[in-house]
Amino acid sequence: MSEKTEKMDCEIAVMMDREIDEMAVAVVVGGGGGGNRWLVVVIIGGGGGEDPNWPLDADVGWGTRASEYFDKHPIKNVVGEDGEEIDWEGEIDEGWVKEINCLEWESFAFHPSPLIVLVFERYNRASGNWKLLKELEKAAKVYWSAKDRLPPRTVKIDINIERDLAYALKVKECPQLLFLKGNKILYREKEMRTSEELVQMIAHFYYNAKKPACIDSANMAPPY
């Protein structure tokens, strides 16, 4: 290679030269006169042949199956402060509170039926966000079990994914609950609430029940 280099009057730089299962690979970058540059890949094969122990069903290469890797290194969900497992991915498929994006917002907001929006973060203060989500689910189930009234709709928005929507809703901190009716925000709840408190709040905002003590008048929306 050195004789050929002298004839081409260029500089040769060896970027990589390593042994991989009896095969040496060298990636060479050269540059000659007139501003011309080229990439030369030289592969020198070994005489060892194929590895007889190489698994036929290898999925990810280098003799390792993906299933074997994750058996040894399982992905574990985060455990909250109360010991409950936080499973955001499972929540997408099985949860009572549907996650929506900005394209779906109008179809939910511009509807006269009650709407409760949880603005949350998955990985910042995950335990607090998860806890409020579970309390909201419990409260929603109470009204879905009742047959004498229209239950509130419940959705959630990830503030880190739907930044523009969260900005439009004037939400800067999570978790936060928004109680809406007919595209109007009636109330903002920034504190952690139990399912029992949420049931009372829902009854007050949507079913003309008495105002519970947990509602802060300062967070009420101004009248029309």
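Residues Pro212 and His204 form a side-chain contact, since some pair of their non-hydrogen atoms from C-beta on lies under 4.5 Å apart. The closest side-chain heavy-atom distance from Phe205 to Met220 is below 4.5 Å. Tyr123 places none of its side-chain heavy atoms less than 4.5 Å from the side chain of Asn129. For the pair Trp130 and Lys134, the minimum side-chain heavy-atom distance is below 4.5 Å. Contact check for Leu133 versus Glu137: side-chain heavy atoms found under the 4.5 Å cut-off.
Nearest heavy atoms, Ala139 versus Ile202: CB-CD1, 4.3 Å. Of all non-hydrogen atoms in Gly128 and Pro175, the two that sit nearest each other are O-CG, 4.0 Å. Shown here for Glu121 and Asn160, the closest heavy-atom pair between the two residues is OE2-ND2, 3.3 Å.
Residues Leu118 and Val155 are members of separate hydrophobic clusters, defined by side-chain heavy-atom contacts under 4.5 angstrom among Ile, Leu, Val, Met, Phe, Trp and Tyr. Transitive grouping of hydrophobic side chains (ILVMFWY, heavy atoms separated by less than 4.5 Å) brings Met201 and Leu186 into a common cluster. Cluster membership check: Ile159 does not share its hydrophobic cluster with Phe120, using side-chain heavy-atom separations under 4.5 Å among Ile, Leu, Val, Met, Phe, Trp and Tyr. A chain of hydrophobic side-chain contacts below 4.5 Å, direct or via other Ile, Leu, Val, Met, Phe, Trp or Tyr residues, connects Val171 to Ile185. Connection of Leu177 to Leu115 is not established within any shared hydrophobic cluster, with ILVMFWY side chains joined at heavy-atom distances below 4.5 Å, either directly or through further cluster members.
For the residue pair Asn219 and Glu189, no side-chain donor N or O sits within less than 3.5 Å of a side-chain acceptor on the partner. Counted by atom type alone, Lys211 and Ser217 present one or more donor-acceptor pairs between their side chains at under 3.5 Å.
Here CZ of Phe108 is found 5.5 Å from NZ of Lys98. Values are rounded to the nearest 0.5 Å. Rounding to the nearest 0.5 angstrom, the gap separating the CG atom in Leu136 from the CZ atom in Arg193 is 14.0 Å. Summarising the geometry, atom CG belonging to Leu132 is positioned 10.5 Å from atom CD belonging to Glu191; distances are rounded to the nearest 0.5 Å. Note that SG of Cys174 and CG of Asp158 are 8.0 Å apart. Values are rounded to the nearest 0.5 Å. In this structure, CD on Gln200 lies 10.0 Å from NZ on Lys210, to the nearest 0.5 angstrom. To the nearest 0.5 Å, atom CG of residue Leu178 and atom NZ of residue Lys190 are 10.0 Å apart.
Note on ring orientation: taking the six-membered ring where Trp is involved, the planes of Tyr143 and Tyr207 are parallel (angle under 30°, cut-offs 30° and 60°).
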* Check the pair Lys181, Tyr187 against side-chain contact (heavy atoms from CB on, under 4.5 Å), reporting the backbone distance first and the verdict last. => CA-CA 10 Å; Lys181 190 172 184 180; Tyr187 186 76; over 6 Å; no
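The list of side-chain hydrogen bond (donor to acceptor under 3.5 Å, both in side chains) pairs with a residue in residues 102-112, not counting sequence neighbours, reads His111-Ser113.
In this structure, Glu162 contributes its side chain and Asn101 its backbone to no donor-acceptor pair below 3.5 Å.
Other members of a hydrophobic cluster containing Ile161 are absent, since no ILVMFWY side chain comes under 4.5 Å of it, directly or through relayed contacts.
Residue Arg125 qualifies as open at atom CZ: its count of foreign heavy atoms under 6.0 Å is 12 or below.
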